[in-house]
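This report refers to the structure that appears directly beneath it.
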Number of protein chains: 2
Amino acid sequence: MGRMPDATLAEGLTVGQVSARLDVTVRALHHWDDIGLARPSLRTRAGYRLYTAGDLERLHRIVVYRELGLDLDRIRAVLDGSTVDLPAALRAQRAQVAQRIDRLRQLGAGLDRMIAVHERGLLLTVEQQAAIFGPEWNPDWPARARQRYGDTTQWQQYAERAASRSPEEWQAIADAVADLDRALGDAVEAGVAPGSAEANRLVERHREVFGAYFPLTRQMQVCLGRMYEADPGFAAHYDGIRAGLATWFRRSVDASARAHGIDPDTATWQ
Amino acid sequence: MGRMPDATLAEGLTVGQVSARLDVTVRALHHWDDIGLARPSLRTRAGYRLYTAGDLERLHRIVVYRELGLDLDRIRAVLDGSTVDLPAALRAQRAQVAQRIDRLRQLGAGLDRMIAVHERGLLLTVEQQAAIFGPEWNPDWPARARQRYGDTTQWQQYAERAASRSPEEWQAIADAVADLDRALGDAVEAGVAPGSAEANRLVERHREVFGAYFPLTRQMQVCLGRMYEADPGFAAHYDGIRAGLATWFRRSVDASARAHGIDPDTATWQ
DNA sequence: CTCCGGCCTCACGCGACGTGAGGGTCAAGC
DNA sequence: GCTTGACCCTCACGTCGCGTGAGGCCGGAG
């Protein structure tokens with residue numbers, strides 16, 4: 001330690017000294033030398049780079065423009081005067097920055113949506129949910145579904161799909177759900193028997209509709225049917241459409257499952 | 001043209017078909033295959049990649065996460081389930097995006113400052129200018145200076161320095177200018193003669209103060225002195241400090257220039 | 001003379017592909 | 001059966017601005 005202080009090397013500064021003064025890495029100085037952007041005016045006999053005051057001035061200008069995000073070619077053009085219209089170049093750069101900010105904002109919004117789906121099960125606000133799914137909708141349902149699913153791959157895939165759906169697509173799903181609810185109510189009223197062809201068709205339709213919502217196996221559908229009947233919130237909703245619907249639906253799903261070789265009493269989520 | 005339509009290749013889709021469906025480049029598919037992120041389940045005898053429905057599902061998930069800005073390693077972790085906590089990864093990514101937006105905003109602000117300096121000669125608003133330089137300040141001056149300088153390298157360098165100056169530094173310059181103005185007024189009152197040692201010192205001080213403002217040669221200073229006297233705006237300002245100051249200053253600069261071997265009658269800008 | 005910190009010149013690595021080069025494959029039309 | 005033209009394959013280098021060693025020379029202090 002105790003090398004000669006900077007000031008006494010009046011001929012020029014070495015890379016390390018310049019690095020400290022301008023807060024750039026030594027490697028960057030080497031690079032700028034390599035590509036001819038900023039070469040030192042002097043070298044010692046041993047080949048050490050020595051930057052003069054004039055060199056420092058140029059380096060400083062490079063640092064300024066680099067902090068503005070210009071790439072080295074554009075900086076070279078500016079410093080060498082071949083860019084007649086510097087303000088135009090700056091404005092172009094400004095536009096590019098604005099674009100990149102925009103892109104990042106969209107990206108952030110996408111991430112927010114995905115995060116929201118993972119946290120709350122839906123990306124819509126409570127108001128939007130009510131507007132789409134109707135006043136009967138219980139905002140707790142998605143969260144409850146999430147409790148069931150936990151951190152399974154199934155849930156991940158649901159989240160991915162949910163996050164990439166537009167509000168219009170949500171509306172389409174909500175319409176399909178409403179249609180289905182009506183059809184189920186009509187079936188109960190018409191006395192359709194669980195296990196009948198008609199009931200099985202409705203069960204399949206339910207699986208399709210909610211399959212667009214999340215990946216739904218027959219086993220899972222059985223569990224869902226039982227939840228509809230057992231959970232007060234769900235039961236109230238379905239019985240509100242038509243008295244006895246919750247139970248009718250559970251029995252229909254069970255029958256359909258049995259028809260597909262599944263024992264509804266041992267079915268599990270997953 | 002007239003290749004077999006996609007649907008008939010029920011075994012799987014070729015790279016081109018997948019490329020069209022998922023809007024990714026063929027090269028990206030090759031790359032993902034190379035690094036083992038998404039390899040096709042099948043190959044034809046000729047070595048053509050064939051992506052099955054399952055492959056497509058995985059590819060689709062990759063596209064989703066890629067659009068969220070995750071790098072391929074993280075996507076791999078998510079898809080292969082080795083990332084237990086996907087929401088945490090998403091939030092980390094979100095934070096990174098926010099940071100990058102911040103950085104870009106600062107960068108944009110820097111560009112705006114630089115552009116403002118190039119367009120109007122100063123980066124301060126008219127109010128800030130008045131607050132710093134006092135009520136006598138004429139907001140047109142920097143623009144007028146720009147007219148003179150045009151698009152020279154000199155002006156570029158001035159702009160760079162101006163853009164990287166903080167308001168505090170501007171205040172320091174304004175203080176120095178005010179001090180100088182007072183000193184010039186005092187000199188006129190004290191009857192200091194142009195060409196005297198005292199006058200020369202003041203001329204030098206003027207050159208230093210404005211040298212911090214923009215690079216000022218002695219020749220340019222001569223032109224500036226003449227402008228102070230000839231331009232009604234400038235003249236009013238200086239004569240307002242002390243009657244006759246504009247003329248006194250022009251004569252002092254001329255004398256100082258002559259003392260340095262410059263003919264003030266042939267001096268030019270630049 | 002030795003030591004240690006600084007300097008030098010290669011030269012690979014990064015991240016996610018783009019962009020040819022050079023050559024095989026496939027279905028259709030003649 | 002042959003040509004044609006779109007499509008596919010595998011290398012392999014280029015991108016952008018350096019980071020990060022490896023291996024070795026230089027220079028001043030003790």
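Each chain gets a letter, A, B and so on, in the order the sequences are listed, and its residues count up from 1.
B/Gln93 contributes a side-chain N or O that, together with a main-chain N or O of B/Gly69, makes up a donor-acceptor pair within less than 3.5 Å.
Within 4.0 Å (heavy atoms only), B/Leu72 reaches sugar-phosphate atoms of the nucleic acid but no base atom. Looking at heavy-atom distances under 4.0 Å, B/Val15 makes contact with sugar-phosphate atoms alone, never a base.
Comparing A/Leu29 and A/Thr44, the nucleotide of DNA chain D nearest to each residue sits closer to the 5' end for A/Leu29. Nearer to the 5' terminus of DNA chain C, by closest-nucleotide assignment, is the contact made by B/Asp73 (compared with the other of B/Ala46 and B/Asp73). Each of A/Asp34 and B/Arg66 has a nearest nucleotide on DNA chain C; the 5'-most of these lies closest to A/Asp34. Each of A/Arg45 and A/Arg27 was assigned the nucleotide of DNA chain D with the nearest heavy atom; the assignment lying further toward the 5' end belongs to A/Arg27.
Straight-line distance from the CZ atom of A/Arg76 to the P atom of D/dC16: 12 Å, rounded to whole Å. The interatomic distance linking B/Arg39 (CZ) with D/dT10 (C1') rounds to 14 Å, in whole Å. With rounding to whole Å, A/Leu50 atom CG is found 11 Å from D/dG27 atom P. Taking atom CD1 of residue A/Ile62 and atom P of nucleotide D/dC18, one finds them 10 Å apart after rounding to whole Å. A/Leu42 places its CG atom 17 Å from the C1' atom of C/dC8, with the value rounded to the nearest Å. Taking atom CD1 of residue A/Ile35 and atom P of nucleotide C/dC10, one finds them 17 Å apart after rounding to whole Å. If you take CG of B/Asp33 and C1' of C/dC17, they are 14 Å apart, rounded to a whole angstrom. If you measure from atom CG of A/Leu59 to atom C1' of D/dC18, you get 16 Å, rounded to the nearest angstrom.
Considering only the side chain of B/Trp32, C/dC17 comes nearest among C/dC8, C/dC17, D/dC18. Relative to the side chain of B/Tyr48, the nucleotides C/dT9, D/dC8, D/dC18 differ in distance, and D/dC8 lies closest.
Considering only heavy atoms from C-beta on, B/Leu56 stays 4.5 Å or farther from B/His60 through its side chain.
Around CZ of A/Arg100, the count of heavy atoms belonging to other residues, nucleotides or ligands within 6.0 Å does not exceed 12.
Note on A/Glu204 versus A/Arg207: salt bridge recorded, some NZ/NE/NH1/NH2 to OD/OE distance being below 4.0 Å.
Dashed line: the shortest gap from a side-chain N or O of A/His30 to OP1 or OP2 of C/dC8 is under 4.0 Å. Contact annotation: A/Thr25 side-chain N/O to D/dG19 OP1/OP2 distance is under 4.0 Å. Taking side-chain N and O atoms only, B/Arg43 has no distance below 4.0 Å to OP1 or OP2 of C/dT25.
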Start with the C-alpha gap between A/Asp55 and A/Arg58, add the side-chain angles, then the distance that decides, and say whether salt bridge (charged side-chain N to carboxylate O under 4.0 Å, His left out) holds. CA-CA 5 Å; A/Asp55 296 339; A/Arg58 185 177 173 90; over 6 Å; no
